Protein chains: 2
Amino acid sequence: MKSEIEVFRKFIRNKGLRKTPEREQVVRAVFAIHDHFDVDELYALLRRENEKISKATIYRTIPLLLESGLIQEAYFEDGHLHYEHIYGHDHHCHLRCLDCGKVIEFTEETVKDVEGKVGERYDFLVTGHKLEVYGHCGKCRVHK
Amino acid sequence: MKSEIEVFRKFIRNKGLRKTPEREQVVRAVFAIHDHFDVDELYALLRRENEKISKATIYRTIPLLLESGLIQEAYFEDGHLHYEHIYGHDHHCHLRCLDCGKVIEFTEETVKDVEGKVGERYDFLVTGHKLEVYGHCGKCRVHK
DNA sequence: CTACTGTTGCGACTCATTCTCAATAAGGAT
DNA sequence: ATCCTTATTGAGAATGAGTCGCAACAGTAG
Ligand SMILES: [Mn+2]
Ligand SMILES: [Mn+2]
Ligand SMILES: [Zn+2]
Ligand SMILES: [Zn+2]
């Protein structure tokens, strides 16, 4: 299996774009975070490592990471988007506590079947899905 | 079954809030739109009807509609949230074309089972879910 | 190495949403 | 019905995520 940076370089080459150190630093940082992240967290990490990269470049790189399949939007919260790297990881869904905001990742194979059924029913070539389940975690239920 | 305005009034009363014509106009407008909508569309509808209501009040009313279960966030797109009224409607999921943006609503009972399984597995009291399936619609596949 | 052109950083800008605050109006009490 | 307290409203200012314009810079083809 190719590394994420190899995948990214091939993607960049295929699109006729240029290989730049800034873009590759973003790729590296994205795969150094093993959690959901937003642009500010990504920016903070890069700054902490003394990488001189502007927020604009991060914003410009994110669509490339999405299109190349290295990351995906995880959810929209607190007024902005959150992402997660997905290359090299199995698909998972999210279970969120409406009280404390905790997010648990889970896998559930039956959701995959829905893709096929729905795709056929409406003549769609289905490429993926996003499932979020909401509720109240055990800890938060105790507190009330 | 109670009407949406009755549900809303009860909710308002239970929270110790005040019944205002502005809030009730928003409720009415939300249930006059039988489609996904955003704040601007809601505002435009109210203005078209010569309701003098400010956008700030709409923004302030939306959390109340969410909490009372009359509406839900449908999806985030074009830099802002879209909503839909759900009171009095069966739960449905969304199938979206990544090319043209078309959104199809569908129902799929097997997703309900996932709620139960996951809730038990992680000790959550599950209250709902949001499933979006992505792909390319038949029309868009022809065009390329 | 050169030329061409895509990319970067910076700050200005846009636009959705929130906040501030003075005026208004619910709604409980009398 | 009137008063009083305080939540709510409208208007506009403020915030903040994300985008854009532009001049300096740097890949890459030849
Ligand atoms: Mn995740
Ligand atoms: Mn819908
Ligand atoms: Zn919780
Ligand atoms: Zn389409």
Side-chain angles (χ1 to χ4, degrees), chain A residues 5 8-30 36-47 49-68 71-84, chain B residues 5 8-30 36-47 49-68 71-84:
Chain A
I5 198 69
F8 185 70
R9 282 174 184 162
K10 174 178 239 179
F11 172 80
I12 287 291
R13 198 181 322 123
N14 285 153
K15 289 215 88 176
L17 302 175
R18 292 179 185 172
K19 173 177 178 299
T20 72
E22 290 83 359
R23 284 172 174 164
E24 301 208 342
Q25 282 302 325
V26 174
V27 174
R28 200 190 42 68
V30 159
H36 304 151
F37 63 88
D38 58 27
V39 169
D40 275 345
E41 287 163 347
L42 203 49
Y43 182 65
L45 173 61
L46 286 160
R47 289 299 290 276
E49 296 173 335
N50 284 311
E51 298 298 335
K52 48 169 180 37
I53 190 168
S54 76
K55 226 176 245 189
T57 295
I58 295 177
Y59 275 111
R60 285 187 282 234
T61 304
I62 280 177
L64 303 176
L65 298 175
L66 288 169
E67 194 184 341
S68 61
I71 70 171
Q72 72 181 359
E73 291 176 0
Y75 44 80
F76 179 85
E77 202 178 55
D78 299 321
H80 58 268
L81 282 164
H82 294 249
Y83 306 88
E84 62 189 335
Chain B
I5 198 68
F8 185 71
R9 283 174 182 162
K10 174 179 242 180
F11 171 82
I12 287 291
R13 198 179 321 122
N14 286 152
K15 290 216 83 175
L17 302 175
R18 290 178 186 174
K19 174 176 178 296
T20 71
E22 290 83 359
R23 286 173 173 161
E24 300 208 342
Q25 282 302 324
V26 174
V27 173
R28 202 192 38 68
V30 158
H36 303 153
F37 63 88
D38 60 25
V39 169
D40 275 345
E41 287 164 347
L42 202 50
Y43 181 65
L45 173 61
L46 286 160
R47 288 300 288 277
E49 295 174 333
N50 284 314
E51 297 299 335
K52 49 167 180 37
I53 189 167
S54 75
K55 226 176 243 188
T57 295
I58 295 177
Y59 276 109
R60 286 187 283 235
T61 304
I62 280 178
L64 303 177
L65 298 175
L66 288 168
E67 195 184 340
S68 63
I71 70 171
Q72 70 181 2
E73 292 176 0
Y75 46 82
F76 178 85
E77 204 178 55
D78 299 320
H80 57 267
L81 284 163
H82 294 248
Y83 305 89
E84 62 189 336

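Source: prediction; values computed, not measured. These numbers come from the heavy atoms of this one structure, side chains and all, not from hydrogens, waters or symmetry mates. By convention in this document, chain letters (A, B, ...) are assigned in the order of the sequence lines, proteins followed by strands, and residues within each chain are numbered from 1.
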In whole angstroms, the gap separating C1' of D:dT19 from CG of A:L64 amounts to 15 Å
Between the protein and nucleotides 11-13 of chain C, are there any N/O to N/O pairs under 3.5 Å, and if so, what are the atom names and distances?
none

Whole-Å gap separating C1' (D:dA24) and NZ (A:K52) = 14 Å
Over how many whole Å does the gap from A:R47 atom CZ to C:dG9 atom P extend?
-> 11 Å
Is B:D38 close to B:E41 at the side-chain level, that is, under 4.5 Å between some pair of heavy atoms?
-> yes
Whole Å only: how far is the CD atom of B:E51 from the P atom of D:dG10?
-> 11 Å
Return no unless some side-chain N or O of B:R23 is found under 4.0 Å from OP1 or OP2 of D:dT8.
-> yes
Whole-Å gap separating P (D:dG10) and CD1 (B:I58) = 9 Å
A:R60 or A:I12: which one's nearest nucleotide on DNA chain D is closer to the 5' end?
-> A:R60
Distance below 4.0 Å between A:T20 side-chain N/O and C:dG6 OP1 or OP2 = no
Round to the nearest Å and state the distance from A:I53 atom CD1 to C:dT7 atom C1'.
-> 11 Å
Please state how far atom CG in A:L17 lies from atom C1' in C:dT8, giving the value in whole angstrom units.
-> 14 Å
Please round to 10 degrees the angle between the axis of the first five pairs and the axis of the last five pairs in the helix from C:dC1-D:dG30 to C:dT30-D:dA1.
-> 40°
Distance (rounded to the nearest 0.5 Å) between A:F37 CZ and A:I71 CD1 | 5.0 Å
Want to settle it: does A:E22 or B:G16 sit nearer the 5' end of DNA chain D, counting the closest nucleotide to each?
-> B:G16
Please work out whether the ring planes of A:F76 and B:F76 are parallel, tilted or perpendicular, with thresholds of 30° and 60°.
-> parallel
For nucleotides 16-18 of chain D, which of its nitrogen or oxygen atoms have a protein nitrogen or oxygen under 3.5 Å away, and what is each distance?
{"unit_1": "D:dG18", "atom_1": "OP1", "unit_2": "A:L81", "atom_2": "N", "d": "3.4"}
{"unit_1": "D:dG18", "atom_1": "OP2", "unit_2": "A:Y59", "atom_2": "OH", "d": "2.8"}

For B:L64 against B:F11, the heavy-atom pair lying closest together | O-CE2, 3.6 Å
Test item: B:R23 side-chain N/O and B:R18 main-chain N/O as donor-acceptor pair under 3.5 Å = yes
Residues B:K19, B:R13; criterion side chain to side chain contact (heavy atoms under 4.5 Å, CB included); working and verdict = CA-CA 8 Å; B:K19 174 176 178 296; B:R13 198 179 321 122; over 6 Å; no
Where does the angle between the aromatic ring planes of B:H36 and B:Y75 fall among parallel (under 30°), tilted (30 to 60°) and perpendicular (over 60°)?
-> perpendicular
What's the CZ-C1' distance between A:R18 and D:dA29, to the nearest Å?
-> 10 Å
Taking all atoms of both residues into account, what is the closest heavy-atom pair of B:R28 and B:L46, and its distance?
-> NH2-CD2, 4.1 Å
Of all heavy-atom pairs linking B:E22 and B:I53, the shortest is O-CD1, 3.4 Å
Taking all non-hydrogen atoms of both residues, which atom of B:E77 and which atom of B:H82 are closest, and how far apart?
-> O-NE2, 3.4 Å
Shortest non-hydrogen pair, B:I58 vs B:V39, comes out as CG2-CG1, 4.0 Å
Nearest heavy-atom contact between A:K55 and A:D40 is NZ-OD1, 2.7 Å
